[in-house]
Amino acid sequence: MSKLHSVKLPHFSASAEETTRKIPSPEEVAISMAQHIGAPCTPCVEVGDYVKVGQKIGDSEAFMSAPVHASVSGTVKEIKDVMNVGGRLCKTVVITNDNKNEMYENIKPPKADTKEDFIKAVRESGAVGLGGAGFPTHVKLATKDKIDYLLLNGAECEPYITSDYRELMENSDDVLAGIDLIMKMLEIPQAIIGIEEDKPKAIAKLTELCAKYKNISVKKLPGAYPQGAEKVLIHSLTGRVVKEGMLPSNVGCMVMNVSTAGFIYSYIQTGVPLVKRRITIDGNVVSSPGNFFVPIGTLLHSVVGFADVKKQPDRIVLGGPMMGNCAFDPDTPLAKTNNAVLLFADTVERKTTACIRCGRCVRACSLNLMPTELESAYDARDAEALERLKVNLCMNCGACSFVCPAKRNLAEKNQLAKDFLRQAKAK
Amino acid sequence: MNKLFVEASPHIRSSRTTQNIMLDVVIALCPALIAATIIFGIKALVLTVICCACCVVFELLFNIIAKKERTISDMSAVVTGMLLSFNLPVDLPIYMAVIGCFIAIVIVKCLFGGIGQNFANPAITARIALMLSFTAAMTTWAAPLASWKNSVDATTVATPLAMMAGGEDITGTYSLLDMFLGLRGGCLGETCILALLIGGIYLLARGVIRFETPVCFIGTVAVLTLLKNGFDFTNMLYQLMSGGLVLGAVFMATDYSTTPVTTKGKIIFAVGCGLITFGIRQFATMPEGVSFSILVMNCLTPMIDRFTVPKPLGALVPEKKKKEGEKNG
């Protein structure tokens with residue numbers, strides 16, 4: 001098995017050993033109807049309605065979708081279009097919190113004795129991939145392919161983020177029970193939990209607990225970015241290669257974030273849908289970094305107000321520093337997929353200089369792409385070259401931009417190039 | 001809240017910059033500069049400083065006249081100046097060195113678009129141009145350690161390569177240790193192998209260069225020399241330590257702009273350099289071939305790059321090509 005290229009990233013994990021805390025209940029939450037990849041939901045509540053925690057407030061007929069639930073109890077203040085960090089406008093339900101935290105009365109453990117019921121229950125839970133991509137979990141579970149391996153992503157390869165690590169340390173029993181449940185329901189023979197070598201405590205803990213389950217094992221992953229990327233993880237854990245245009249299930253693998261597995265188990269036990277999640281709050285202005293449970297839909301400015309900041313941030317990153325997005329509006333609500341909020345100050349604009357052809361980007365790309373060549377092809381608007389060089393495979397991990405000594409925005413160019421190629425092909 | 005700063009991911013970048021890479025190369029060249037100053041006297045240092053200054057000034061003037069962004073702060077002109085001076089005999093008239101700097105910076109580098117855009121190594125090309133224009137001055141070699149001896153011995157000597165090419169027995173004139181320490185005639189920066197290796201190890205440790213290029217370049221010359229001379233190891237060591245082989249393999253064949261980007265490409269490049277160097281040294285009329293080998297391989301670099309594009313992980317290239325072929329055919 002050949003080793004894929006990777007990069008060494010600086011280590012920022014000040015939040016790692018802090019037990020997850022709760023943030024004070026926000027006065028208002030704004031819950032977006034598009035919390036996942038796929039069709040956005042349609043609100044099923046109206047302005048003025050009183051909603052309770054866990055009550056469904058949006059759903060969709062589409063298969064590729066997951067319902068959304070109220071994360072606080074209170075009154076629906078308004079339903080408006082909000083632009084998310086990806087630049088997409090989506091319907092958002094704003095709820096004024098009455099701080100009573102009243103649970104929805106119909107919450108009870110779902111019926112999940114058969115595979116069909118289980119998948120249906122997972123859909124109702126509103127579960128999406130908690131690692132960041134937000135693929136609706138029930139869609140993943142409903143695959144028709146034969147699955148040989150359930151691969152649990154505990155790599156958490158981006159600096160700063162430690163929310164999956166905290167999940168592994170604080171909720172390890174649920175994670176394992178969730179894995180076991182999924183394996184039983186879908187008749188998957190084997191599960192491997194991949195954890196990066198820089199988290200020895202989690203590896204030790206999970207390895208010990210895995211002794212109880214004969215088909216679940218823990219595998220130490222090299223501390224190299226982007227270890228947590230789906231294709232890279234599959235390659236590291238099984239040696240299999242997900243070919244262009246294929247899904248992991250096509251090579252007999254199902255990849256799931258450890259936090260998603262933990263959530264599924266707790267949902268099957270309690271029936272409480274996905275209304276809160278753990279996020280890491282860190283960054284150079286945060287004096288006490290840590291992990292926090294926040295209700296879905298909490299507005300960024302509440303997080304900033306709550307976080308112990310030394311000075312006002314001038315840059316807010318939702319997600320990790322490698323693949324996360326910059327928020328442009330402090331009123332942006334947090335989504336199910338946000339695993340971190342990073343607050344930075346003293347941002348200086350980066351100066352880009354000429355490419356010196358050092359080849360660092362070529363040796364950084366785990367998919368063997370040539371970012372420098374892709375950049376020139378895009379600058380020349382050469383669709384043929386972009387297609388030949390396979391820009392469509394780029395997963396925007398950012399490793400090329402990270403290593404570039406000329407500080408060129410190679411990963412960004414690749415995304416623009418993908419879009420350009422799509423349009424060129426459509427013509 | 002302040003205005004929020006928005007940019008595309010990633011939001012952190014490595015501390016490596018073009019400038020600190022070039023600074024590392026300058027640092028790596030310093031041991032050889034010190035050695036040259038000891039071996040050939042203070043004039044070695046003077047020539048190097050003049051070359052660096054000229055290169056920087058030429059680049060700045062070009063930037064101003066061509067109304068381009070000032071690029072001298074990236075330090076690459078300093079590297080070019082140092083490398084060019086290292087490839088010159090220490091007694092070369094200054095005006096010739098200045099012409100060399102002009103060729104290197106203005107003609108080879110800036111006119112082709114500046115850093116990263118030039119296809120040929122500026123210092124090497126300038127050296128070759130000077131060699132062809134001022135052959136006598138470019139092949140007059142000062143005797144090593146002359147300034148220390150204060151003697152009336154010959155002030156110029158032949159280079160080991162010229163001696164070997166002329167069939168002279170070199171072992172009597174220079175011991176292997178002399179060769180390693182650089183106590184021989186030659187260009188000012190190429191003679192002290194010890195200092196060049198120290199610089200090379202520094203560059204490797206700092207991740208500026210990769211071992212493939214120097215190892216394959218020097219290795220190819222070593223193997224071919226051994227094969228030709230019936231496994232005469234002493235002769236091989238003399239060959240490796242003479243001329244500009246180590247300087248070229250460590251500092252010039254590893255130049256980013258003018259060599260292939262992929263590891264596979266770098267290996268092809270280095271082996272090609274080794275083959276040409278060996279060919280010129282052993283079979284051509286010129287005693288030295290390192291500069292020419294690098295220049296020739298510089299010209300082949302775009303082609304090597306074209307044929308060494310790595311296959312992306314999981315890419316479905318061959319099938320598509322087949323289909324297109326069927327359609328077209």
Side-chain angles (χ1 to χ4, degrees), chain A residues 4 7 9-10 159 231 235 241-246 301 304 312-317 321-330 342 344 347 349-350 353-360 362-363 366-370 372-373 388-390 393 396 398 401-407 409 411-412 415, chain B residues 1-22 24 68-69 71 73-74 76 113-119 207-210 254-266 301-302 305-306 308-317 319-321:
Chain A
L4 303 180
V7 294
L9 294 182
K231 282 184 180 181
H235 189 269
V241 174
V242 182
K243 293 227 169 73
E244 196 178 348
M246 276 186 172
H301 70 76
V304 178
Q312 281 301 306
D314 60 12
R315 187 165 51 132
I316 302 179
V317 177
M322 295 301 287
M323 293 188 72
N325 290 311
C326 274
F328 46 82
D329 181 359
L342 306 178
F344 298 100
T347 303
E349 209 150 335
R350 221 172 273 123
T353 54
C355 168
I356 54 172
R357 285 174 41 87
C358 66
R360 281 178 173 77
V362 177
R363 291 190 299 274
S366 54
L367 299 182
N368 258 342
L369 300 174
M370 295 189 86
T372 168
E373 299 285 321
R388 177 166 41 83
L389 293 165
K390 297 287 171 194
L393 289 176
N396 198 16
S401 302
F402 175 81
V403 295
C404 182
K407 310 295 156 206
N409 297 313
E412 180 185 5
Q415 309 325 304
Chain B
M1 197 174 294
N2 316 344
K3 237 183 166 173
L4 289 176
F5 184 92
V6 179
E7 60 172 358
S9 63
H11 311 287
I12 49 170
R13 302 294 174 99
S14 74
S15 54
R16 263 289 181 221
T17 61
T18 303
Q19 191 186 36
N20 68 33
I21 288 172
M22 294 301 161
D24 268 342
K68 300 240 179 201
E69 202 186 335
T71 49
S73 63
D74 65 25
S76 62
I115 188 167
Q117 299 289 322
N118 52 302
F119 75 92
V208 174
I209 64 167
R210 296 171 57 82
T254 53
D255 175 49
Y256 293 148
S257 307
T258 58
T259 66
V261 284
T262 62
T263 304
K264 212 202 272 173
K266 284 182 200 298
T301 293
D305 266 340
R306 237 183 104 173
T308 51
V309 175
K311 182 181 176 284
L313 186 76
L316 298 174
V317 185
E319 280 176 41
K320 269 197 173 165
K321 266 197 185 152

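FYI, side chains are in, hydrogens and waters are out, and symmetry mates aren't considered; it's all heavy atoms of this structure. Chain letters run A, B, ... following the sequence lines, proteins first, then strands; residues in each count from 1.
- Residue B:T301 touches chain A through its side chain alone, counting heavy-atom pairs closer than 4.5 Å.
- Between chain B and the residues A:E349, A:R360, A:M370, the most heavy-atom pairs under 4.5 angstrom are made by A:R360.
- Side-chain contact between B:P312 and A:L367 is absent, with no heavy atoms from C-beta onward closer than 4.5 Å.
- Interface remark: B:S76 contributes no atoms to any contact with chain A (heavy atom separation under 4.5 Å).
- The contact between B:I21 and chain A is made entirely by side chain atoms (from C-beta outward), counting heavy-atom distances below 4.5 Å.
- Between chain B and the residues A:C355, A:C358, A:A354, the most heavy-atom pairs under 4.5 angstrom are made by A:C358.
- In this structure, chain B has no heavy atom under 4.5 Å from any part of A:L342.
- With sequence neighbours excluded, the residues forming a salt bridge (charged side-chain N to carboxylate O under 4.0 Å, His left out) with B:E69 are A:K351, listed by chain and number.
- Contacts of A:V242 with chain B are made by backbone atoms alone, with heavy-atom separations under 4.5 Å and no side-chain atom involved.
- Residue with the most contacts toward chain B among A:E373, A:K231, A:R315: A:R315 (heavy-atom pairs, distance under 4.5 Å).
- Of the listed residues (A:K243, A:M323, A:Q415, A:R363), the one with the most heavy-atom contacts under 4.5 Å to chain B is A:R363.
- One distance of note links OG1 of A:T353 with CD of B:Q19; it measures 9.5 Å at 0.5 Å rounding.
- A donor-acceptor contact shorter than 3.5 Å is absent between the side chain of B:S9 and the backbone of A:N325.
- More than 12 heavy-atom neighbours from other residues, nucleotides or ligands sit within 6.0 angstrom of NZ on A:K407.
- The most heavy-atom pairs under 4.5 Å with chain A, out of B:V309, B:T262, B:T17, B:D74, come from B:T17.
- Here the CG-CD1 distance, from B:L4 to A:I316, works out to 4.5 Å after rounding to the nearest 0.5 Å.
- Looking only at heavy-atom pairs under 4.5 Å with chain B, the residue among A:S401, A:A406, A:S366, A:G398 that has the most is A:S401.
- If you measure heavy-atom distances from B:D305 to chain A, the contacts under 4.5 Å come from the side chain alone.
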Test side-chain contact (heavy atoms from CB on, under 4.5 Å) on B:I12 and A:M322 and set out the steps. CA-CA 7 Å; B:I12 49 170; A:M322 295 301 287; 3.8 Å; yes
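- Looking at A:R357, its side chain never comes within 3.5 Å of a backbone N or O of B:T258 through a donor-acceptor pair.
- Heavy atoms of A:L393 lying under 4.5 Å from chain B belong exclusively to its side chain.
- Between the side chain of A:R350 and the backbone N or O of B:R13, no donor-acceptor pair lies under 3.5 Å.
- The minimum heavy-atom distance between B:Y256 and A:I356, with the atom names listed, is CB-O, 2.9 Å.
- If you tally non-hydrogen atom pairs under 4.5 Å between each of A:P10, A:C326, A:G245 and chain B, the highest count goes to A:C326.
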